[in-house]
Asks: 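My questions all concern the structure below.
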Amino acid sequence: MGTINCSICDFKSPATDSLSKRELDHLQENCAQVKFKTGEIIFKQDALSSNIVYIRNGIVKLHMKGPDRESILKIAKAPAYLGIPTTVGDRINHYSATALVDTTACFIDITAFKEFIHKNGQFAYEIILDLCKNELRNFHRCVNMTQKQLNGRIADGLFNIADNVFGGEDEFMMILSRNEFSDLIGSSRESVSRVLTQFHDEGLISMVGKKIKILDRETLQLISKNG
DNA sequence: GCATTAACCACAG
DNA sequence: CTGTGGTTAATGC
């Protein structure tokens, strides 16, 4: 952990960029930095929470235990705020966060965070902007998830990771296990396994270990579009 | 009816 | 943790 200095943080969010020197000092007094290894839980569903989590570094899955299976709500990569809906909306976490790669997170006290919202309009605006983009994305994902069939959802899942997590790279590390991937697209691990090898056999993707490369983006996009 | 889709189960690397 | 094969229920033509 050690001492931290928010003023000179290299990973400041657009929101914290709008904080004054005094506010940054205040943030620093109410903030703790914690490192997580791959697979470690950052916060847990049904546990009490009084912190907003800011991911400085790393990739995280937000996931929720449903009626009978686990669902991945979102994959978040740094920089990102995590617990806003679940900490501001309630005292109990409605979902969990688990590190998919080694991750550095800052835990910000909810009282200090709320204070910034109340007193600094620019800060509040940046937070709202972030939440709005997020909600829009989720609306789209929700529609796609319920209306597309398996092949389309898997293509979507691949694009989700390639484009949103790895910034549009055609080659990327599959940071999810087959089972986690099925949690992301609402399917079963067997189906994911089958379709992925099918995509591979058709020459749409290549798989070497955990590395996946998109070879035929056009056809995959077609599959995504037509469900 | 018959075909397709995808989940569930079982078993093997 | 993965890949495969068989079985099965739901849905569509």
Side-chain angles (χ1 to χ4, degrees), chain A residues 35-47 55 57-78 82 93-105 137-167 169-227:
Chain A
K35 292 187 177 194
F36 295 92
K37 294 225 177 296
T38 304
E40 285 184 337
I41 298 168
I42 298 170
F43 58 80
K44 206 167 165 28
Q45 183 172 351
D46 297 329
I55 302 294
N57 203 311
I59 306 171
V60 165
K61 68 167 176 176
L62 300 182
H63 51 113
M64 178 186 269
K65 176 86 189 142
D68 63 31
R69 51 169 53 258
E70 184 90 359
S71 274
I72 294 186
L73 308 169
K74 177 189 181 183
I75 299 174
K77 76 153 195 293
L82 294 190
N93 287 324
H94 290 210
Y95 51 84
S96 305
T98 303
L100 292 174
V101 301
D102 289 358
T103 293
T104 310
R137 199 195 280 300
N138 274 324
F139 286 165
H140 283 286
R141 218 173 79 83
C142 184
V143 172
N144 287 334
M145 280 267 295
T146 45
Q147 297 186 15
K148 285 180 186 177
Q149 55 190 56
L150 191 61
N151 288 22
R153 300 209 304 276
I154 292 193
D156 277 359
L158 290 174
F159 284 135
N160 183 353
I161 298 172
D163 297 341
N164 298 334
V165 182
F166 290 95
E169 289 291 324
D170 279 341
E171 192 169 11
F172 57 88
M173 281 298 170
M174 178 40 100
I175 45 178
L176 301 178
S177 68
R178 298 297 138 111
N179 209 350
E180 286 174 316
F181 197 95
S182 77
D183 291 342
L184 176 68
I185 62 169
S187 177
S188 66
R189 63 160 193 86
E190 294 99 322
S191 296
V192 168
S193 207
R194 262 188 267 265
V195 174
L196 243 32
T197 48
Q198 176 203 323
F199 282 177
H200 175 262
D201 293 344
E202 291 168 344
L204 304 178
I205 61 172
S206 78
M207 296 189 281
V208 181
K210 281 199 178 314
K211 213 180 285 179
I212 287 191
K213 189 169 185 179
I214 294 175
L215 299 174
D216 189 346
R217 193 170 264 268
E218 288 70 36
T219 316
L220 270 180
Q221 240 141 23
L222 225 58
I223 291 171
S224 156
K225 203 168 170 221
N226 301 329

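Protein chains get the first letters and strands the later ones, always in sequence-line order, with residue 1 at the start of each. Keep in mind that this is a model prediction, so the values were computed, not measured.
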Asks: Considering just the side-chain nitrogens and oxygens of A:R69, establish if one lies under 4.0 Å of OP1 or OP2 belonging to B:dC8.
Replies: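 Answer yes for this pair, as a side-chain N or O of A:R69 is under 4.0 Å from OP1 or OP2.
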
Asks: Would you indicate which nucleotide in B:dT5, B:dA7, C:dT2 comes nearest to any side-chain atom of A:R189?
Replies: C:dT2

Asks: For the residue pair A:F172 and A:F166, categorise the inter-ring angle as parallel (less than 30°), tilted (30 to 60°) or perpendicular (more than 60°).
Replies: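 Taking A:F166 first and then A:F172, their aromatic rings lie parallel (interplane angle under 30°).
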
Asks: What's the shortest heavy-atom distance between A:M145 and A:L184, and which atoms?
Replies: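 Of all heavy-atom pairs spanning A:M145 and A:L184, the closest is SD-O, 3.8 Å.
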
Asks: Return the nearest nucleotide to the side chain of A:R178; candidates are B:dA7, C:dT4, C:dT2.
Replies: C:dT2

Asks: Would one find more than 12 heavy atoms of other residues, nucleotides or ligands at under 6.0 Å from atom NZ of A:K65?
Replies: yes

Asks: Would you say A:S193 reaches C:dT2's phosphate, i.e. side-chain N/O to OP1/OP2 under 4.0 Å?
Replies: no

Asks: Could you tell me whether A:S188 contacts a base, only the sugar-phosphate backbone, or nothing, with contacts defined as non-hydrogen atoms closer than 4.0 Å?
Replies: sugar-phosphate

Asks: Minimum heavy-atom separation for A:A99 and A:I42, please, with both atom names.
Replies: N-CD1, 4.1 Å

Asks: Whole angstroms only, please: what is the CD-P distance between A:E180 and C:dC1?
Replies: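 It works out to 8 Å between those atoms.
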
Asks: Let me know which of A:K61, A:E180, A:H63 forms a side chain to side chain donor-acceptor pair (under 3.5 Å) with A:T98.
Replies: A:H63

Asks: Specify the separation, in whole Å, of atom CD1 of A:I154 and atom P of B:dT5.
Replies: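 The distance from CD1 of A:I154 to P of B:dT5 comes to 13 Å, rounded to the nearest Å.
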
Asks: Would you state whether a donor and an acceptor, one from the side chain of A:E190 and one from the base of B:dC9, lie under 3.5 Å apart?
Replies: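 Donor-acceptor pair under 3.5 Å: yes.
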
Asks: May I have the distance from A:L176 (atom CG) to C:dC1 (atom P), rounded to whole angstrom?
Replies: 13 Å

Asks: Between atom CZ in A:R153 and atom P in B:dA6, what is the gap in whole Å?
Replies: 7 Å

Asks: At under 4.0 Å, does any side-chain N or O of A:S187 touch on OP1 or OP2 of B:dA7?
Replies: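 Indeed, a polar side-chain atom of A:S187 lies that close.
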
Asks: Calculate the interatomic distance between A:I185 atom CD1 and B:dT5 atom P; express it in whole Å.
Replies: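 In whole Å, B:dT5 P and A:I185 CD1 are 16 Å from each other.
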
Asks: What is the distance, to the nearest angstrom, from the CZ atom on A:R194 to the P atom on B:dC9?
Replies: 14 Å

Asks: In whole angstrom, give the distance that lies between atom CG of A:N179 and atom P of B:dC9.
Replies: 14 Å

Asks: C:dT2 P sits how many Å from A:I212 CD1, rounded?
Replies: 11 Å

